[in-house]
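Reading through the structure tokens given below for one structure.
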There are 2 protein chains.
Amino acid sequence: MNLPPLIQAFVLHFGEMGSRWGINRTVGQVYAVIFLANRPVCADDLVDAVGVARSNVAMALKELQSWELIRLKHVPGERRDFYTTLDDIWAIVRKLVEQRKRREIDPTLTVLRELLMQSPASEEERFAQERMQEMHGVIELVTGWYDDIERLETERLVQLLSLGSKIVKALEWKDKLFVGKGARGKAKGAPAGEGD
Amino acid sequence: MNLPPLIQAFVLHFGEMGSRWGINRTVGQVYAVIFLANRPVCADDLVDAVGVARSNVAMALKELQSWELIRLKHVPGERRDFYTTLDDIWAIVRKLVEQRKRREIDPTLTVLRELLMQSPASEEERFAQERMQEMHGVIELVTGWYDDIERLETERLVQLLSLGSKIVKALEWKDKLFVGKGARGKAKGAPAGEGD
DNA sequence: CTGTTACTTCAGAAAATCCTGAAAATTCAG
DNA sequence: CTGAATTTTCAGGATTTTCTGAAGTAACAG
């Protein structure tokens, strides 16, 4: 591995975190190198930077392309393939959330829907289905919220995030003004107090 | 494995998803069984339900306790340890987010802070540090938002989620009323510092 | 064509992770 | 105390994942 110390530290960290993030060390390191580079990066650069076999780099690039986290960028006068990350950091965050949702949540949503269609054959199954219903409700609510929010342009999104829970004040305030006009959100899953 | 079909299907699914979620198959299956059960569950129940060695169940329980996703619940007249999940589904979601943040994000935040303190020794490092700064800003903004939101009581939280991006209408509206009072959000990629 | 450069595939080696059974430790009733 | 019930620990075998080097394919310049 052959990188300036500051960059190397970050790249090694991404490698270590890889397994927690559901990617492997090489994929993590390769992404880190591309992310920090101020120009498109080719496979040879990566072999040099992270010090693994070329075939391993090729597989990491394929994986990162399947996540749509890097894209091919041809460099004039170069025959080799060069890659960059998505340029805007917010585009990266959006893509990450989208992909993790697709891989970690959607399959479960599908299974839940299937199982909720079936008729329970016992009290035990009836209760289990109730729990599945709760889980289904929460996932639908949260992912539905994100699908909606995700369409906002970045500036609005940042505004919203900066506001944090102060948003609630605005709501209370609006509630007061609009009292009687309806428009209330309905709660799925028992809105009980904190479980402790 | 010895479970009613509906429950078994869910448990097997959780086992398969385990690797994507950063836990192993047994941990996933054990959690699923406890989650769907009508009553506290003991290690023997789990050995029976998921069909793995008792020591494996013990390790899975330890892991789930380290996530604080299950808790010990003593059953009167029983010497064995019984477990339940957190009762409220929202408490579960909150705990999951909290733990994944702790394991998947906080370490990176620490590294980023360290590396951002150092002085770049080259143009290459200077640019890399700029990228790290962008990443740091986004993570601070998003986690800061969550830390804030997370304190809301569940009913309010559900309300907020149900509203989705309609919330923005409320904001625009508030903007209009307060125009001239100086309350605009700014800072693309930059952290905190919102004014109100 | 032919040779060079670059990318991809893949079988099996290497490494990491998971799982088991046996043994040790703990808890508690008598 | 003793002994049964239960949980925990852990060495090493089983399985899965990652990584490599070699062979294969593709693109292209001369």
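First the proteins, then the strands, lettered A, B, ... as listed; each starts at 1. The basis for the numbers below is simple: all heavy atoms, side chains too, and nothing from hydrogens, waters or symmetry mates.
In this structure, Trp21(A) atom CH2 and dT17(D) atom C1' are separated by 19 Å, rounded to whole Å. Protein atom CG of Asp81(B) is 12 Å distant from nucleotide atom C1' of dA5(D), rounded to whole Å. Look at NE2 on His74(A): it is 13 Å from P on dA6(C), rounded to the nearest Å. Rounded to whole angstrom, the span from the CD atom of Glu78(A) across to the P atom of dA29(D) amounts to 13 Å. A straight line from CG of Leu61(B) to C1' of dC19(C) spans 15 Å, rounded to a whole angstrom. In this structure, the CG atom of Leu72(A) is 15 Å from the P atom of dA6(C), given to the nearest Å. One interatomic measurement links the two molecules: CD of Glu16(A) to C1' of dA15(C), which rounds to 16 Å at whole-angstrom precision.
Here the side chains of Arg54(A) and Asp44(A) are in contact, with some heavy-atom distance below 4.5 Å.
Phe82(A) and Phe35(A) fall into different hydrophobic clusters, where Ile, Leu, Val, Met, Phe, Trp and Tyr residues are linked whenever their side-chain heavy atoms come under 4.5 Å apart, directly or through other members.
Among the heavy atoms of the strands lying under 4.0 Å from Thr26(B) are primed sugar atoms or P, OP1, OP2 only; no base atom is included. As judged by a 4.0 angstrom heavy-atom cut-off over every strand, Asp44(B) is placed among residues making no nucleic acid contact.
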Check: Reading nucleotides 21-30 of chain C from the 5' end, what letters show protein touch, with B for base, S for backbone sugar-phosphate only, - for no heavy atom under 4.0 Å?
Finding: B-----BS--

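Ring pair Trp21(B)/Phe14(B): centre-to-centre distance below 6.0 Å.
The cationic group of Arg102(A) does not satisfy the cation-pi geometry with Trp67(A), failing either the under 6.0 Å distance to the six-membered ring centre or the 45° limit from the ring axis. A cation-pi geometry, defined here as NZ or CZ lying under 6.0 Å from the six-membered ring centre and within 45° of its normal, does not hold between Arg71(B) and Tyr83(B).
Taking the side chain of Asn24(A) as heavy atoms from C-beta on, and the options dT9(C), dT8(D), dC19(D), the nearest nucleotide is dC19(D).
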Check: Passes side chain to side chain donor-acceptor pair (under 3.5 Å), Arg156(A) versus Gln159(A)? Steps please.
Finding: CA-CA 5 Å; Arg156(A) 277 275 178 229; Gln159(A) 239 174 51; 2.6 Å; yes

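When atom types are taken as modelled, the side chain of Glu68(B) and the backbone of Gln99(B) share no donor-acceptor pair closer than 3.5 angstrom.
Between Arg25(A) and Arg80(B), it is Arg80(B) whose nearest contact on DNA chain D lies nearer the 5' terminus.
A close approach under 4.0 Å does not occur between any side-chain nitrogen or oxygen of Lys62(A) and OP1 or OP2 of dC7(C).
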